[in-house]
Amino acid sequence: MTDTHRGLRGWTAGRKGSLSRLRFTSLRLRLVLVFGLVALTAAVSASGIAYWLNREAVLTRAQDAVLRDFRQEMQNRAGALPAHPSQDQLQRAAGQMAASSQRFSVLLVAQDADGKTVYGNSGGINGFALEDVPESLRTAVAKRQQVSGANKEPYHLYWQRVVDHGTPCLVAGTRVIGGGPTGYMAKSLEPEAKDLNSLAWSLGIATGLALIGAALLAQAAATTVLKPVHRLGVAARRLGEGRLDTRLRVSGTDELADLSRTFNNAAEALEQRVAEMAARDDASRRFVADMSHELRTPLTAITAVTEVLEEELESEAGGIDPMVEPAVRLVVSETRRLNDLVENLMEVTRFDAGTARLVLDDVDVADQITACIDARAWLDAVDLDVERGLHARLDPRRLDVILANLIGNALKHGGSPVRVTVRKADDSIQIQVRDHGPGIPEEVLPHVFDRFYKASASRPRSEGSGLGLSIALENAHIHGGEIIAANSPEGGAVFTLWLPQDPSRLTEEDGGGDTDSETDRDDAGKEGS
């Protein structure tokens, strides 16, 4: 892989990491939201309670001071008036009462000597009027209470908070005991309302600052908690990519440290287990390779003997005793089968060890398929639909192995005629081998390329080694291609081979591959199923 590809992959991983931290379902966002909601709830509750307590305290303090002053003025000023005062007397008394320290508006109501109702207003004609007093308050002030041991006075002071043109006001009223005028007072609470508004703004700002502080605290807590979790996720991803030496730095004694320690122990155990399995796998491959190599020497001698025996069988002189002839034929066929099995095992071992190499050459695909079929005398059983002049840069020997296995498998297990179709698709070659047999059972399809797999358990012994299709698939993969097995809707099995026209381009894009030139070709001969 090139540095550019690695850089792009790293950038993509970084972007995914950043986006994961911004997801609405991320733990970081949930922690911030929970901290924010808790802080908002606490701040709003505290601010609401503080505002309510301060509001009551401010209004009660202002109200008590005004009512106390009004009561005192009613006793001193209004109480000094005659039982039936005149308009001027009421007006003068109202002005004197309004000049007190609380500066409230006063309205005095009484009857003069003629029984006529007269009014005294501290604000003149356009000042505080009787219509400004709520009806319920006037009724309560005018009602005479029955005097008793618990109630020593027939008239009481009543008050009420009202809003006049958007301005909060305190309205109160009482009547002089023993006869005299009825007095009403109105005091604006606008200064107190402004103070309360300032308090509300202050509490709102404090709530906002608390919310911001909670968000910052949540971010810090989330970073503290999620940073080890993020490191654990990165380490797990690396471990999944095969970097078994990945370990986490353990610090502290909390639960996250225990989790990191557990991960390190699991990674170490996994590395040891994989190392043991790799060692056993290498030992198994070496055993198969050594066994196959050691078998080749006696097989060479046996093959030479069987060739002599086969010549004797084919000679017209009849040099073989008819009673021994079946045994000789059996020895010849089994020796040939054993020789093919050893060759296939050695090829499989090369694939497993990663030492199989391509020897690329310019190949005429039609000529290569024709040569493969002709060499095995399959011309009468195979229909060719090949586009002429189709060239590709492939390994001729490995292509011959793929074709021999696919066509041979179709002839052996399918039904004639077998049809081979070759087409060009973009930058690849498509070779399709179809037979007219019963097809492949659905439960067998996923296993047709497995090694030593045989569809019928009742026939474990057959002419093939059980490695042909597996070797064909490995040869396709080393070219950068693929083989797909399926059943045709019209009946029969269909094997589709995809091969790139130039595998060397793919290996160069992947950072290099195992390819050799024509001069480095090893003389391995042909392999078939």
Side-chain angles (χ1 to χ4, degrees), residues 1-43 45 209-289 349 351-355 446 450-451 477 509-513:
M1 181 178 293
T2 63
D3 293 338
T4 302
H5 289 167
R6 292 193 184 95
L8 288 175
R9 178 174 293 181
W11 180 83
T12 304
R15 291 287 296 172
K16 288 182 178 178
S18 300
L19 291 176
S20 66
R21 290 192 290 270
L22 295 177
R23 287 198 312 264
F24 289 105
T25 57
S26 66
L27 185 58
R28 181 184 300 273
L29 182 58
R30 281 184 284 173
L31 280 174
V32 172
L33 288 178
V34 169
F35 269 74
L37 288 176
V38 171
L40 182 62
T41 303
S45 301
L209 293 176
L211 185 60
I212 295 174
L216 295 177
L217 181 62
Q219 178 69 16
T223 301
T224 303
V225 174
L226 295 180
K227 193 172 183 180
V229 176
H230 176 67
R231 287 201 300 263
L232 179 62
V234 173
R237 194 179 305 115
R238 291 178 179 174
L239 194 66
E241 292 172 353
R243 300 169 64 177
L244 301 180
D245 59 341
T246 302
R247 297 293 184 273
L248 289 172
R249 180 172 56 84
V250 180
S251 60
T253 57
D254 55 6
E255 290 80 359
L256 292 174
D258 292 339
L259 181 61
S260 300
R261 197 174 293 109
T262 302
F263 175 85
N264 289 340
N265 294 336
E268 184 177 358
L270 179 62
E271 185 179 17
Q272 293 177 355
R273 182 66 60 86
V274 170
E276 293 173 359
M277 293 177 63
R280 286 197 296 267
D281 192 39
D282 290 340
S284 300
R285 283 200 297 266
R286 284 196 301 271
F287 172 76
V288 173
T349 303
F351 283 125
D352 290 343
T355 59
D450 293 351
R451 295 174 183 176
H477 285 170
E509 291 176 0
D510 293 337

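Bear in mind that the values here come from a model prediction, so they are computed numbers and not experimental data.
Within 6.0 Å of CZ in Arg273 there are 12 or fewer heavy atoms belonging to other residues, nucleotides or ligands. Within a 6.0 Å sphere centred on CD of Glu255, other residues, nucleotides and ligands contribute 12 heavy atoms or fewer.
A pairwise comparison of heavy atoms in Ala236 and Phe263 identifies N-CZ, 3.9 Å as the closest pair. Annotation for Thr253 and Ala257: closest pair N-CB, 4.1 Å, computed over non-hydrogen atoms.
Atom CG of Leu232 and atom CG of Leu259 lie 5.0 Å apart (nearest 0.5 Å). Of the inter-residue distances, the one linking Leu211 atom CG with Leu37 atom CG reads 8.5 Å to the nearest 0.5 angstrom. Between atom CG of residue Leu239 and atom CZ of residue Arg247 there is a gap of 8.0 Å, rounded to the nearest 0.5 Å. Leu248 CG to Thr262 OG1: the interatomic distance, rounded to the nearest 0.5 Å, is 10.5 Å. With rounding to the nearest 0.5 angstrom, the CD atom of Glu271 is 11.0 Å from the CG atom of Asn264. To the nearest 0.5 Å, atom CZ of residue Arg231 and atom OG1 of residue Thr246 are 14.0 Å apart.
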